[in-house]
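Just so it is clear, the structure is predicted and the values come from calculations on it, not from any experiment. Quick note: residue numbers are just sequence positions, from 1. Atoms within each ligand, like the ligands themselves, are counted from 1 in listed order.
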Amino acid sequence: MAKETVEFKTEVKQLLDLVIHSLYSNKEIFLRELVSNASDAVDRARFESLTNSEILEGDSDWKIKISKDEKAGTITISDNGIGLDKETAVENLGTIARSGTKAFLEQLKAAGSTNNPEMIGQFGVGFYSSFMVADKVTVVSRKAKSQAIRWESTGDGSYTIEESTREKRGTDVTLHLKEDAKEYLNEWSLRGLVKKFSDYVEHPVVMDTEKEKGKIEEEVLNARKAIWLKNKSEVTEEEHNEFYKHIARDFTNPLKAIHFSAEGASEFKALVYIPSKAPFNMFDQDHKIGVHLYVKRIFIMDDCKKLLPDYLRFVKGVVDSSDLPLNVSREILQDTKEMEKIKKSLVNKVLSTLAEMKEKETDKYKQFFAEFGKILKEGVHFDYENKEKLLDLLMFESTHTDKDAMTSLSGYVDRMREEQKEIYYLTGESISELRTSPYLERFKTKSMEVLFMTDAVDEWILPDINEYKGKKLKAANRGDLAIDDESEKKAHAQKEKVFKELLTALQEKLPDVKEVKVSSRLTDSACCLVGDEHAPGAHMEKIYKAMGQDVPVQKSILEINPDHPLIVNLQIIHSKKGNEQKFADYAATLYDQALLLEGKKLKDPVGFIKRLNELLTSDSKSLL
Ligand code: ADP
């Protein structure tokens, strides 16, 4: 293999640039990232060796070594982990595997957040953080039974890769330190960083130190604390924060730690966290499950899909089982009853912690819900067993909540008046659009609460919710609105009589409308479109369309407000002979208005503008 020079992918260049420039004040994290990578590589090798001892090549003294060469100005992080061959080096050190990277970088730029370390940190900068402190990075690595490789880059657009030699399996990452990073050549600053960032790494992180003059010894720098095995009360907040950042590769402290041990049916210890911020790629198809599985302190696997349902994918941490056999393959692990038990108890614990948080730490819970509510809601559809618990965790804005405040379903039910039978909701794209919706007019006069639902997932889970505490959920813009007041009922029937002919005439002029009715829901607006009780909402229709799917054509009902001057006017026009064209134009304009209010596109916008302009100039015509 001759030496090759390879260009970095565009997104790597962009990310490198961002990392170097905006994370500069956090540059010391390079050591955490490299030690974590080394630790992962050791985990992988150890796991593989459980079923294939050949890869050991006689070396199972798992460790990570930090060495420095003051003269050369370099630090090297070495491990005896899984190693890289040419293919994996090109794949992992020259590209960014995470999907959605491009979109994320564009989003950062658009939001003007390229200087926001937290945003970039949540991306997990990993290996590339080396370039904050080094102007050249050399990786020499060998996978068991493979050709060793040497990868090198100055981080400015390309890297080289060539054959090399390495006696043992593993990887050396050598950083040629920049002038302003030479401080890390100091033994005490390296010790400090390992203590601060990597104390929890399970494998020994060692360094050669001179205890007595002339006597060099390998010293273990980290405490290798499996903090999940400690008593809950013994773990400090500081320890939680650092452990979380190590395990989740996050920059920000977690919102909540959940530390518990299960006994009885299955024995395991768990230390999992709810992050404070949702990662940018939470909705990617290939998102990972954030809980790592250990068996008796030995790392078995990450992204363990059998440990947590997808809708709790934001939870990060560790589960350590003492029941599972150590030498299991991944396939077997995916299928044991034991895993089912662990999952069940973990889900219960996470949900009960959230419920407690909602009760006792309301502000914190709101912060959680704003970040992860959309994901949690998926559970209402997928986790039938826990549906009730999940419903209790949902929060919505409503006609009765202050700006940015939210209510739970039970809060809504508590406020319901006795005569109200159903829980009303309105779906749409934004709260501001919903707050001014004409569908709410009568609800407002009656001071009846309507929940606002603006997440795409809401319409999707509504059929699953169906009812809460025996109260059916009902769309404020669908079906008939029950009138419970006797005198109102009479007045309504009277108006239906008065407008009967107008309704029929409008119906004739508007073939796209299923029916024209006198509205009981409008007080200010002239008209609105109302869906059938079971038709997909306008918002859902938009989602279908965006996904390129056909939406079954559902004709809506046009409701008119009999008290509105426009309708009164229309009644007059209709009753006079010779106004055919005018009436047709008015009817069409009325329908278009209703479509616009519903947030729909007009079929014939040119015709609408023409008719509108005609109307707007009709006054001046009579004045002339
Ligand atoms: P991440 O660790 O988040 O996947 P990184 O950029 O830190 O991202 O690393 C990219 C990939 O490079 C890792 O997933 C791993 O496959 C590989 N890698 C990094 N460091 C090592 C190492 N010391 N030994 C083996 N593989 C490594």
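- Partner Ile149 forms a side-chain contact (heavy atoms from CB on, under 4.5 Å) with one of Arg166, Glu87, Lys86, Arg142 and no other, that one being Lys86.
- Any N or O atom pair closer than 3.5 Å counts here, and Phe127 shares at least one such pair with ligand 1.
- The aromatic rings of Phe131 and Phe127 stand perpendicular to each other, their planes meeting at an angle above 60°, with 30° marking the opposite boundary.
- Numbered from 1 in the order shown, with element, the atoms of ligand 1 that lie under 4.0 Å from a heavy atom of Ala41 read 22 (C), 24 (N), 25 (C).
- If you look at Tyr273 and Trp228, their ring centroids are not closer than 6.0 Å.
- The closest approach between Arg44 and ligand 1 falls below 4.0 Å for a heavy atom of the residue.
- For atom 12 (O) of ligand 1, the choice among Asn92, Thr171, Val35 with the nearest heavy atom turns out to be Asn92.
- Here's the thing with Asp40: none of its N/O atoms is less than 3.5 angstrom from an N/O atom of ligand 1.
- Only the side chain of Leu84 comes within contact range of ligand 1, with a heavy atom under 4.0 Å; no backbone atom does.
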Apply side chain to side chain contact (heavy atoms under 4.5 Å, CB included) to Leu346 and Leu312, showing your working.
CA-CA 10 Å; Leu346 193 58; Leu312 294 178; over 6 Å; no
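- Every atom of ligand 1 is numbered from 1 in the order shown, and the set under 4.0 Å from a heavy atom of Gly126 is 7 (O).
- At a heavy-atom cutoff of 4.0 Å, ligand 1 is contacted by no atom of Thr88, backbone or side chain.
- Between Tyr128 and ligand 1, no pair of N/O atoms sits closer than 3.5 Å.
- Classification of Glu338 and Lys341 as a salt-bridged pair holds, one side-chain N sitting under 4.0 Å from a carboxylate O.
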Would you please test Phe260 and Phe268 for ring pair (Phe, Tyr, Trp, His ring centres under 6.0 Å) and show each step?
CA-CA 9 Å; Phe260 74 108; Phe268 70 91; 5.7 Å; yes
Run the side chain to side chain donor-acceptor pair (under 3.5 Å) test on Ser233 and Asn231 for me, step by step, so that the C-alpha distance in whole Å, both residues' side-chain angles and the decisive distance to 0.1 Å come before the verdict.
CA-CA 5 Å; Ser233 56; Asn231 267 336; 5.1 Å; no
